[in-house]
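Here is the naming used below: chain letters follow the sequence lines, and residue numbers restart at 1 for every chain. These figures come from a predicted structure and were not determined experimentally.
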Protein chains: 2
Amino acid sequence: MDRLDKKILRLMQEDATLAVADIAKKVGLSTTPCWRRIQKLEEEGVIQRRVAVLNPEKVNTRVNVFISIRTSAHSLEWLKRFSEVVQEFPEVVEFYRMSGDVDYLIRVVVPDIAAYDAFYKKLIAKIEIRDVSSAFAMEQIKYTTQLPLDYMVLEKDGNASAAG
Amino acid sequence: MDRLDKKILRLMQEDATLAVADIAKKVGLSTTPCWRRIQKLEEEGVIQRRVAVLNPEKVNTRVNVFISIRTSAHSLEWLKRFSEVVQEFPEVVEFYRMSGDVDYLIRVVVPDIAAYDAFYKKLIAKIEIRDVSSAFAMEQIKYTTQLPLDYMVLEKDGNASAAG
DNA sequence: GCTGAAACGCGCGACTT
DNA sequence: AAGTCGCGCGTTTCAGC
């Protein structure tokens with residue numbers, strides 16, 4: 001990956017509808033080499049997928065809730081099942097195992113507080129959870145799928161095809 | 001929006017590279033009406049954009065950090081500036097104003113703890129922040145851009161073109 | 001609002017430097 | 001590696017039901 005790949009990724013993170021010819025123009029390439037780079041980035045798994053991003057308001061999932069869970073007293077068996085159960089809910093859009101005070105952090109999207117309550121009941125019906133606390137977001141100030149590319153490790157020029 | 005729009009959205013949230021003809025087939029429509037529905041969903045802002053989703057590992061942003069901020073003692077002026085400053089950092093991928101104990105919650109992506117430290121220094125160089133605490137994710141168990149569509153409000157059939 | 005087909009542009013590959 | 005050319009597919013539009 002070099003400077004041009006980085007430019008390509010930056011553009012595609014913003015807008016995946018851009019025609020290859022347009023991307024090519026913007027990065028200073030002609031279409032074929034640009035197309036080949038994009039293919040390679042897909043094969044290598046740098047580009048994972050192209051998705052449509054929907055407006056949460058329009059699909060009635062305005063409300064973001066963060067659930068913090070402490071699991072200190074639970075068994076390994078429980079932890080495994082917990083992880084599986086939580087993941088399966090479509091309302092769960094993010095799920096992290098944390099270091100420190102809180103053990104797990106979950107982001108859930110729902111229409112309103114009542115729906116959250118219903119979700120919470122569905123969840124605890126499937127698995128016993130001891131130490132939970134929920135925090136509601138009043139406003140989503142920023143949400144982006146764009147990862148910063150400033151940390152990318154670039155290969156030196158003239159040596160672009162080493163195996164990963 | 002009806003049942004077919006919902007199906008279309010479900011498919012496009014998963015894979016925005018699907019050809020219109022393929023989507024049409026899967027929802028039981030032919031290409032033209034399916035294409036028109038997609039156009040309409042874009043015009044209405046239900047579909048906000050199509051983006052490429054990158055592999056965080058491959059672009060060297062493995063580490064997720066959640067920053068909790070309490071702002072009780074700050075002025076309105078400060079709050080405004082705070083919001084602007086934080087948003088501008090490309091490492092900040094999510095940013096919420098919360099209710100309850102914590103006032104703001106930020107998700108940041110960086111390569112490692114050292115990079116987080118550098119980010120943190122950049123941040124506090126730009127704005128004074130009093131009550132901050134950082135929590136590191138050990139593992140991203142789930143991350144999806146797909147919103148649940150189960151809460152969508154569908155219009156009755158035979159009344160498909162009412163204004164929003 | 002649907003189907004079918006035509007027109008156009010773009011993705012993709014073969015070949016060249 | 002990158003560029004030019006061209007075929008075929010997919011998107012988009014249009015005529016008719």
Going by modelled atom types, is there a donor-acceptor pair between the base of D:dT13 and the side chain of B:T32 at under 3.5 Å?
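Checked by distance alone, the answer is yes.
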Do A:R36 side-chain and D:dA1 base share a donor-acceptor contact under 3.5 Å?
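In this structure, the two groups form no donor-acceptor pair.
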For B:G28 and for A:W35, find the nucleotide of DNA chain C with the closest heavy atom, then tell me which residue's nucleotide is more 5'.
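The residue mapped nearer the 5' terminus is B:G28.
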Whole-Å gap separating [atom2] ([N]) and [atom1] ([X]):
| X | N | atom1 | atom2 | result |
| --- | --- | --- | --- | --- |
| B:R37 | D:dT13 | CZ | C1' | 19 Å |
| A:K40 | D:dA2 | NZ | C1' | 15 Å |
| B:Q39 | C:dG1 | CD | C1' | 16 Å |
| B:R3 | C:dG1 | CZ | P | 16 Å |

Sidechain-backbone polar pair: A:K142 side chain, B:F95 backbone, donor-acceptor under 3.5 Å:
no
Under 3.5 Å donor-acceptor, A:D103 side chain and A:T71 backbone:
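At least one qualifying donor-acceptor pair exists.
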Taking 4.0 Å as the cut-off, does a side-chain nitrogen or oxygen of B:S30 come that near to OP1 or OP2 on C:dT3?
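Yes.
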Runs of at least three consecutive Watson-Crick or G-U pairs, both distances under 3.5 Å, are what I'm after; which ones involve DNA chain C?
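Stems (3+ consecutive pairs) listed as C:1-6 with D:12-17, C:8-17 with D:1-10.
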Given C:dT3, C:dC10, D:dG10, the nucleotide with the shortest approach to the side chain of B:P33
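Of the options given, the side chain of B:P33 lies nearest C:dT3.
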Residues A:R81, A:E77: salt bridge by 4.0 Å N-O rule:
no
Classify the side-chain pair B:S134/B:Y120 by whether it contains a donor and acceptor separated by less than 3.5 Å.
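B:Y120 and B:S134 do not have a side-chain donor-acceptor pair below 3.5 Å.
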Enclosure of B:E128 CD (heavy-atom neighbours >12, cutoff 6.0 Å):
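It does: B:E128 CD has more than 12 such atoms within range.
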Would you call B:L149 and A:L54 a side-chain contact if the rule is heavy atoms closer than 4.5 Å?
yes
